[in-house]
*Asks:* 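For reference, the structure I am asking about is given below.
Bear in mind that the values here come from a model prediction, so they are computed numbers and not experimental data.
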Amino acid sequence: MLTGHQMGQPKKPLAAEQQILSLGNVLQRLREEDNVDILIEMTAAYLQGQFDYQLIWIAIYDRLNHILLGKGGVIPNNDQNFLRQRLVLNPGDMLEQVVISQSPVGVADLGKEPRASEWHTVANKFKIQGTVVIPIRYRNNCLGLALLGSQRWGYLLTGEARERLLIVLGELGAVLYRNEIDLQQKQVKRSEEPWLRLVENISNLKKLDQKLEAIVTVTHQHIAANRTNVYWFDRQGRYFWCRMSSQMLSMGRGQTPEKASA
């Protein structure tokens with residue numbers, strides 16, 4: 001939770017006006033940006049400039065695979081490979097607890113936290129102690145999380161500083177959610193386009209074989225099938241015969257029709 005001993009204060013006490021201006025500026029920039037990498041970079045830069053965190057890790061949550069995809073942040077040796085690591089979430093881990101509960105978790109010393117063993121090496125190397133993990137969420141959807149570690153034991157934010165931190169991460173969550181919805185809509189639109197073009201093109205084709213060729217071609221390409229066939233049913237013989245297929249189109253039309261008993 002966001003309570004504990006040795007509660008911290010902003011890295012550099014600023015006048016209230018400056019804090020408000022900095023907050024408003026980063027919120028505006030987040031709302032105007034679509035690139036996820038730039039969004040993460042701007043958020044990390046704001047957190048580093050405003051609060052006493054030497055380790056900042058921001059990750060996107062992959063719900064389908066239940067993993068975290070590191071997107072960047074701040075680390076003393078600037079090891080971007082570490083910041084872009086993939087972490088599989090396991091039951092009982094601190095990070096999974098944050099993702100599932102969608103509630104912040106704070107620890108006094110990251111290097112000694114048994115639920116975060118994957119962070120012990122880096123925590124001990126850079127003397128990271130007081131750490132908080134905050135979910136990045138929007139409308140009950142967990143989009144990711146931010147791990148913020150300080151070299152001060154038990155360092156956790158309270159009051160107005162804590163509120164500014166949560167406002168920025170909340171805005172990041174809203175933008176990530178909007179981008180996710182936009183991507184889904186574009187994917188649906190792209191998946192519909194071949195079929196819409198097919199319907200339009202078929203109306204301009206006069207011969208049946210041309211219509212069947214167009215249907216087989218689009219279907220075969222769109223679903224990435226190994227073979228696509230169109231069968232005709234012979235009522236008298238009670239069997240299906242291959243009227244058109246992807247093989248016929250690729251090898252020529254001089255093939256013997258395949259038959260399948262009804």
Side-chain angles (χ1 to χ4, degrees), residues 10-11 22-23 25-89 93-96 98-99 102 104-107 110-111 113 116-138 141-151 155 157 161 164-183:
K11 183 178 180 180
S22 296
L23 177 61
N25 180 55
V26 72
L27 293 178
Q28 183 65 32
R29 292 174 62 199
L30 289 174
R31 293 175 187 136
E32 295 174 349
E33 183 57 58
D34 293 324
N35 186 290
V36 172
D37 290 332
I38 297 178
L39 286 167
I40 301 302
E41 182 181 337
M42 288 192 299
T43 303
Y46 174 82
L47 298 179
Q48 183 185 31
Q50 295 290 313
F51 310 109
D52 189 18
Y53 291 119
Q54 287 72 47
L55 175 63
I56 300 173
W57 185 61
I58 301 178
I60 301 298
Y61 176 49
D62 180 344
R63 289 187 292 274
L64 182 62
N65 298 301
H66 198 47
I67 61 176
L68 290 169
L69 305 172
K71 302 298 291 184
V74 175
I75 193 170
N77 66 351
N78 198 31
D79 184 357
Q80 292 301 312
N81 290 330
F82 180 85
L83 293 174
R84 294 186 177 274
Q85 65 180 308
R86 293 179 44 178
L87 284 183
V88 177
L89 294 173
D93 287 352
M94 181 175 66
L95 298 186
E96 195 207 38
V98 173
V99 168
Q102 298 191 33
V105 171
V107 297
L110 182 63
E113 173 53 49
S117 58
E118 67 271 24
W119 292 92
H120 287 178
T121 300
V122 71
N124 293 325
K125 181 178 180 179
F126 299 115
K127 298 180 174 58
I128 303 299
Q129 298 188 72
T131 300
V132 62
V133 184
I134 303 176
I136 300 171
R137 56 191 297 273
Y138 184 74
N141 294 283
C142 183
L143 286 305
L145 57 76
L147 183 147
L148 311 172
S150 172
Q151 292 174 341
Y155 177 78
L157 293 175
R164 285 189 288 122
L165 172 63
L166 295 179
I167 287 172
V168 170
L169 293 181
E171 187 64 38
L172 176 61
V175 176
L176 291 176
Y177 181 80
R178 183 194 69 199
N179 288 355
E180 185 177 279
I181 296 301
D182 288 345
L183 179 61

*Asks:* Let me see the working for Glu180 and Leu176 under side-chain contact (heavy atoms from CB on, under 4.5 Å), right down to the final yes or no.
*Replies:* CA-CA 6 Å; Glu180 185 177 279; Leu176 291 176; over 6 Å; no

*Asks:* Under a 4.5 Å cut-off applied to non-hydrogen side-chain atoms, are Ser150 and Gln54 in contact?
*Replies:* yes

*Asks:* Within the structure provided, determine whether Leu95 and Glu118 are in side-chain contact (heavy-atom separation under 4.5 Å).
*Replies:* yes

*Asks:* Given the rule in the side-chain contact (heavy atoms from CB on, under 4.5 Å) test, do Leu148 and Leu157 qualify, once you have shown the distances and angles that lead to the verdict?
*Replies:* CA-CA 11 Å; Leu148 311 172; Leu157 293 175; over 6 Å; no

*Asks:* Where is the tightest heavy-atom contact between Ala116 and Leu110, given as atom of each residue plus distance?
*Replies:* CB-CD1, 4.1 Å

*Asks:* With no hydrogens and no angle check, do the side chains of Asn78 and Gln80 hold a donor and an acceptor under 3.5 Å apart?
*Replies:* yes

*Asks:* Quick check: closest heavy atoms across Val122 and Ile128, and the distance to 0.1 Å?
*Replies:* O-CG1, 4.5 Å

*Asks:* The test is side-chain contact (heavy atoms from CB on, under 4.5 Å); show your working for Lys127 and Leu55 and say whether it passes.
*Replies:* CA-CA 10 Å; Lys127 298 180 174 58; Leu55 175 63; over 6 Å; no

*Asks:* Indicate yes or no: at least one non-hydrogen side-chain atom of Gln48 is less than 4.5 angstrom from one of Ile56.
*Replies:* yes

*Asks:* Hey, what do you get for CD (Glu41) to CD1 (Ile58), rounding to the nearest 0.5 Å?
*Replies:* 10.5 Å

*Asks:* So how far is it from Leu27 CG to Arg164 CZ, rounded to the nearest 0.5 Å?
*Replies:* 11.0 Å

*Asks:* Can you name the nearest heavy-atom pair linking Val26 to Met42, along with the distance?
*Replies:* CG2-O, 4.3 Å

*Asks:* Do Leu47 and Val74 touch side chain to side chain, with heavy atoms closer than 4.5 Å?
*Replies:* no

*Asks:* Is any side-chain heavy atom of Leu143 closer than 4.5 Å to one of Ile60?
*Replies:* no

*Asks:* Heavy atoms, side chains only, cut-off 4.5 Å: are Glu113 and Thr131 in contact?
*Replies:* no

*Asks:* To check you understand the geometry: which heavy-atom pair defines the closest contact between Phe82 and Ile75, and what is its length?
*Replies:* CD2-CD1, 3.6 Å

*Asks:* Which heavy-atom pair separates Leu166 from Ile134 by the least distance, and what is that distance?
*Replies:* CD2-CG2, 3.9 Å

*Asks:* Find the distance between NE2 (His66) and CG (Leu87) and round it off to the nearest 0.5 Å.
*Replies:* 11.5 Å

*Asks:* Provide the closest heavy-atom pair for Asp34 versus Arg178 in the form atom of the first, atom of the second, distance.
*Replies:* OD1-NH2, 3.1 Å

*Asks:* Got a second to check how far Leu145's CG is from Leu68's CG, nearest 0.5 Å?
*Replies:* 5.0 Å

*Asks:* Between Tyr177 and Tyr138, how do the two ring planes meet: parallel, tilted or perpendicular, split at 30° and 60°?
*Replies:* tilted

*Asks:* If we ignore hydrogens and angles and just use 3.5 Å, is the side chain of Asn124 paired with the main-chain N or O of His120 as donor and acceptor?
*Replies:* yes

*Asks:* Would you indicate whether the side-chain heavy atoms of Arg84 and Asp37 approach each other to under 4.5 Å?
*Replies:* yes

*Asks:* So how far is it from Asn141 CG to Ile136 CD1, rounded to the nearest 0.5 Å?
*Replies:* 13.5 Å

*Asks:* Take Leu172 and Val168 through the test side-chain contact (heavy atoms from CB on, under 4.5 Å) and record every step on the way to the result.
*Replies:* CA-CA 6 Å; Leu172 176 61; Val168 170; 5.7 Å; no

*Asks:* Gln85 side chain to Gly70 main-chain N or O, any donor-acceptor pair under 3.5 Å?
*Replies:* no

*Asks:* For residues Asn25 and Tyr46, determine if any side-chain heavy atom of one lies less than 4.5 Å from a side-chain heavy atom of the other.
*Replies:* no

